[in-house]
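Right, one structure below, let's go through it.
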Amino acid sequence: MSDTQDATDESPAEQQGIEGEYDPDAVEPRWQDHWVEAETYAYEEPESGETVDPDTRYSIDTPPPTVSGNLHMGHLYQFTLQDFVARYHRMADDTVYFPFGYDDNGIASERLTEREKGIRHQDFERRVFQEKCRAVCETYEAEFTEDVQSLAISVDWDNTYKTIEPRVQRVSQLSFIDLYEKGREYRQRAPTIWCPDCETAISQVEQEDEHQETLFNDIAFPLVEDGTGPADDETLTISTTRPELLPACVSIFVHPDDDANQHLVGGTARVPLFGHEVPIIEDDRVDLETGSGVVMCCTFGDQTDIEWYQAHDLPLRIAIDESGTMTDVAGDYQGQSTRDARDAILADLDAEGSLLEQRDHDHTVQVHERCETEVEYLVTEQWYVEMLDRTDEYLEAGRQMDWHPEKMFSRYEHWIEGLEWDWCISRQRDSGIPIPVWYCEDCGEPILANKADLPVDPLSDGAPVDACPECGHDDLRPEEDVFDTWATSSLTPLVNAGWDWDAEAEAFSMEHPELYSFDLRPQGHDIISFWLFHTVVKCYEHTGEVPFDNVMINGMVLDENREAMSKSKGNVIPPSDVLEEFPVDATRYWAAGTSIGDDFPYKEGDLEAGERLLQKLWNASRLVEQLAPAPEAVEPVDESDLAPIDEWFLAELDATVESVTDRFEAYEFSKARNGLRSFFWNSFCDDYLEIAKQRLSGDGSASTEFALTRAHRTFLKLFAPFLPHITEELWDRIYRTDGSTDRAGLAGGDSSIHTTDWPTPGGYDADLEAGETAMEVISALRTYKTDNGLPLNADLDHVQVYGHVEGLADAVAEAMHVADLELLADAPDITTEISDIDLDYSIVGPEYGNQVGDIEAGIAQGDYEIDDGRLHVAGVTLDPEMFEIEEARTYSGDGEMIETETAVVIVG
RNA sequence: GGGCCCGUGGUCUAGUGGUUAUGACGCUUCCCUUACAAGGAAGAGGCCGGUGGUUCAAAUCCGCCCGGGCCCA
């Protein structure tokens, strides 16, 4: 492209007019660059002091992707869906807010920085290390930007943010302080899900299942007492996969329905090797199916242990510390790793004869999703956001949003119903946004940072007070922990709306209140439970409002065999491979091809179909350009002066404009795409263009020129959200008017089709039935020619038509090269015979119920009479609207008869 | 183990009670017609995973079974 052109005034197209084939390789990158330079997608900010109607602005809160990874098909698909929405609304509404966020705050970027720089985060002050992270991430952000721009995603590149940047850190810390002041946060020493490898607490959502093959160990516990008193030399058998937790054993549980072991309840047993005595308790949470049915409860082996600890007020025996090392509770095994301790304890149990049996066992353990290390359940001090007390409100908030598709709401609902923990938001890591708190060393009082000072890092910055406001002690200890990344990722609507603390007003305010609530939140169905849910919770707590009007859920991209793409399966298709072979517009056509929410497969066939549509659109445009004069010379034509065929087509076009609009409004891209494509291809190209070609081949027709131009311009606009490059190229070559309005008054002079107004119906009121009949006649004549081995442009001397085609006969004759088309006033010389009677079941069914069978039998046997339009059968009389008579016609005259639904055509 | 979603011609898909089930890709035959052979016309191909039920009527509602997926234990 020409770099010297002024991007806002000149178009990048090098030529006007349409020649040759469409060349997406040349056209697409040119426009992508132009749109970014010309800021075609810029959000139109309200004038200062201007109050704007939020209905005229469409705002999207996009979930920021992690940018240190490569762009994958999921990104392409998800961004493209968002872009359909953005482009449609940019045309249909006044302006669109379509921001972009780079999520580079967290462990991924920390590890990346360490790797690239060859450093360790421990060797730097936290703030200094974070600056290095920001520098490293910039390269990746730039790459990602380029990738997203090359997909023609119409993001406003002046509205971006990085989750690692100070502005976002400030919002995160403000959020923390606000929730604390609202009493929604607490710090507590409690059982926590812990990753011993990352040495940090994690939240419920960060753990995932992993199936493991391990050993089930049957261990004999000497019984001290049973339910009735001292026991004599009896043992009970505990099956466990985690013998290293023996020192942490605090009790033994038996199921109330377990008759064989019922006598044990109320007694005690001695833990082998460690010697302490534990009670035997009854509880229905025991799994009778697995192992011996008698289980030990430890501090803590799994979530059930925690439930038992809380329900039965059991003591704590902490045998494993934060790094996965055995504590002094483990006695001789202190200092060993859990793995070493397991082996040693098993060997010692075996030596003393307590290890009865070992079996292979498949079971499921919880692992940390990032490092796949098996989690521990430790008792630590953490910050929590209280949630369990307000699940009803959060459920209601979810209900207030419109879900597309609707069925996805159930994911949100079930997630909330299954919540068991408040949200643990503190993490023991160096990467991440610092928790802005100091503690009094004497009384433990937490001292929060001043809102005006944010962002702060307590490890580098001083506390806001010199002494504890509670006790006056002056030794203040900074909080070392940072926020869970979701604590920040859940604030994107507030970041986008410019939420901040207004010190003067002593209240929170928004720089862009007109954006909030956001019109749309797009989200993958796999992360509704944490990302979307946490975002709703946080924004709801801060603003009292549900942050989104609509939620659009996208499915996952599968491979051609309908399997999820994954590195381990080796079936990942990188977008770069696809884009090498296909135009971006073709990938967008593919992405539009399924109803949102459903997973759908990568299909080359669909991409090829998209490519063909591009060529069709190009070629049809070329014909339009040849047939109609320059657009500025096209005179507008009043409806009363339109030829019936042109009026008919514009009326059909109206209906398509309406249905495509409705479908965009409802996020039904697939239906919009298919409806538009088939009307364009089958009605416009195959029928109307063929007719127009004939009508304009001679002297031309003002009516047809006008209709053709109007239709073509409308098609370009309707296709624009799906196919932004080719529509822009065609618009630029044919219709761009540099600010002036053309004589037909059909378009404003916008320099980009993407900022023109979305088409509205012209209110054309034509005889649609006549049009349909005319098309049937054309179709019948095509069939005739095909059946008789004639080319479609073969001349026909004489055709008679009996049917309602009104003023369309000439158009039919021209299109099908009929020299003499005769309209018959009466049915032609045919004999008709009733062949069947079709019932309208929607009327007959409810009316006659189980008599319908008799009616059908009567008709089948010919045992009926038709009298004065009524059908007498099986002892009942059906009114005319209840049935339709099917007739078989026999033609005995000259020529060949062809029947259609509503017409009879005789050729020859 | 619990919950949710899905199962329509070879492939993908529309269709949530009403007559002969939508479209695309692929396939067959014919046609170079002055936008397009990456085109046009015609055509073959499904009885809607299985089964039982509700109903005058079911791909569509209900039960069970089989198969696939997702979320959560």
Side-chain angles (χ1 to χ4, degrees), chain A residues 18-22 204-205 207-209 287 289-290 302-304 364 366 405 407-415 417-420 524-530 555-556 558 560-564 589-590 593-595 597-627 668 670-671 673-675 677-678 681-682 685-686 689-690 693 697 779 781-794 816-817 836-856 883-884 886:
Chain A
I18 305 167
E19 285 164 22
E21 297 224 320
Y22 177 55
Q204 189 182 349
V205 298
Q207 55 176 2
E208 59 187 21
D209 292 351
D287 178 8
E289 308 292 311
T290 313
D302 59 23
Q303 217 145 303
T304 313
T364 307
Q366 299 297 313
K407 64 187 178 190
M408 286 297 170
F409 173 65
S410 62
R411 301 257 175 123
Y412 179 94
E413 195 175 14
H414 292 131
W415 173 256
E417 284 166 358
L419 268 186
E420 289 171 348
H525 70 53
D526 55 334
I527 45 178
I528 290 170
S529 54
F530 35 123
M556 303 291 121
L558 310 175
E560 296 203 77
N561 302 316
R562 284 199 82 80
E563 287 185 41
Y589 177 85
W590 159 78
T594 194
S595 48
D598 291 351
D599 292 348
F600 85 122
Y602 173 77
K603 287 228 63 160
E604 283 210 349
D606 252 30
L607 286 151
E608 285 162 7
E611 225 176 343
R612 281 203 292 276
L613 176 60
L614 299 183
Q615 294 300 348
K616 190 78 176 175
L617 187 54
W618 184 263
N619 291 324
S621 301
R622 193 159 81 193
L623 177 61
V624 169
E625 203 196 27
Q626 286 170 17
L627 294 176
E668 294 173 337
S670 175
K671 288 176 186 172
R673 183 196 82 162
N674 293 339
R677 179 195 179 277
S678 78
W681 200 302
N682 303 132
C685 294
D686 292 344
L689 267 183
E690 291 301 328
K693 197 154 60 172
S697 60
S779 178
L781 292 174
R782 282 185 186 139
T783 303
Y784 172 84
K785 291 181 180 181
T786 299
D787 289 350
N788 289 281
L790 297 167
L792 288 176
N793 64 347
M816 295 314 293
H817 302 267
D836 198 7
I837 292 177
D838 288 338
L839 299 174
D840 183 341
Y841 287 88
S842 63
I843 302 173
V844 178
E847 180 77 22
Y848 294 103
N850 52 17
Q851 293 177 69
V852 170
D854 298 337
I855 294 171
E856 284 172 329
F883 64 95
E884 208 167 297
E886 288 288 297

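Proteins come first, then strands; the chains are lettered A, B, ... in the order of their sequence lines, and each starts at number 1. Reckoned from all heavy atoms, side chains included, excluding hydrogens, waters and symmetry mates.
Nucleotides rC48(B) and rU8(B), compared at atom P, are 11 Å apart to the nearest Å. Using P as the reference atom, rC62(B) and rA21(B) are 24 Å apart when rounded to the nearest Å. Going from the P atom of rA44(B) to that of rA35(B) covers 31 Å, rounded to whole Å. A gap of 16 Å separates the P atoms of rU33(B) and rG40(B), to the nearest Å. Rounded to the nearest Å, the gap between the P atom of rU55(B) and that of rU13(B) is 34 Å. Across rU60(B) and rG7(B), the matching C1' atoms stand 14 Å from one another, rounded to whole Å. Spacing of C1' atoms, rC61(B) relative to rA42(B), comes out at 40 Å, to the nearest Å.
Taking the charged nitrogens against the carboxylate oxygens, Glu625(A) and Arg622(A) have no contact shorter than 4.0 Å, which rules out a salt bridge.
Remark: rG9(B) base-pairs with no nucleotide; criterion is Watson-Crick or G-U wobble with both hydrogen-bond distances under 3.5 Å. Base pairing annotation: rG39(B) forms a Watson-Crick or G-U wobble pair with rC31(B), both donor-acceptor distances under 3.5 Å. Nucleotide rC47(B) forms no Watson-Crick or G-U wobble pair with any nucleotide shown, as no partner meets the under 3.5 Å limit on both distances. Nucleotide rC61(B): paired with rG53(B) (Watson-Crick or G-U wobble, both distances less than 3.5 Å). The base-pairing partner of rC4(B), taking Watson-Crick or G-U wobble contacts with both distances under 3.5 Å, is rG69(B).
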Please tabulate, one pair per line, each protein N/O and nucleotide N/O from nucleotides 44-48 of chain B that are separated by under 3.5 Å, including the distance.
none

Just the table, please: protein N/O against nucleotides 2-9 of chain B N/O, every pair under 3.5 Å.
from: rG3(B); atom 1: O2'; to: His414(A); atom 2: NE2; distance (Å): 3.4

Just the atom pairs and distances: protein N or O near nucleotides 26-36 of chain B's N or O, under 3.5 Å.
from: rU33(B); atom 1: O4'; to: Asn793(A); atom 2: OD1; distance (Å): 3.2
from: rU33(B); atom 1: O4'; to: Asn793(A); atom 2: ND2; distance (Å): 2.7
from: rA35(B); atom 1: OP1; to: Lys693(A); atom 2: NZ; distance (Å): 3.3
from: rA35(B); atom 1: O2'; to: Arg622(A); atom 2: NH2; distance (Å): 2.9
from: rA35(B); atom 1: N6; to: Cys685(A); atom 2: O; distance (Å): 3.3
from: rA35(B); atom 1: N3; to: Asn619(A); atom 2: O; distance (Å): 3.3
from: rA35(B); atom 1: N3; to: Ala620(A); atom 2: N; distance (Å): 3.3
from: rC36(B); atom 1: O4'; to: Asn619(A); atom 2: ND2; distance (Å): 3.3
from: rC36(B); atom 1: O2'; to: Asn619(A); atom 2: ND2; distance (Å): 3.3
from: rC36(B); atom 1: O2; to: Lys616(A); atom 2: NZ; distance (Å): 3.1
from: rC36(B); atom 1: N3; to: Lys616(A); atom 2: NZ; distance (Å): 3.0

Collect all protein-nucleotide pairs involving nucleotides 52-62 of chain B in which both atoms are nitrogen or oxygen and the distance is under 3.5 Å.
from: rC56(B); atom 1: O4'; to: Gly849(A); atom 2: O; distance (Å): 2.9
from: rC56(B); atom 1: O4'; to: Asn850(A); atom 2: N; distance (Å): 3.1

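Sorted by first then second residue, the salt bridge (charged side-chain N to carboxylate O under 4.0 Å, His left out) pairs that include residues 606-617 of chain A, not counting sequence neighbours, are Asp606(A)-Arg673(A).
Between Tyr22(A) and Trp618(A), the two ring planes are tilted [angle within 30° to 60°].
Residues meeting the salt bridge (charged side-chain N to carboxylate O under 4.0 Å, His left out) test with Arg782(A), sequence neighbours left out: Asp687(A).
At rU13(B), none of the side-chain N or O atoms of Lys603(A) fall inside 4.0 Å of OP1 or OP2 (strictly under the cut-off).
Comparing rC12(B), rA42(B), rA14(B) by their nearest atom to the side chain of Pro601(A) picks out rC12(B).
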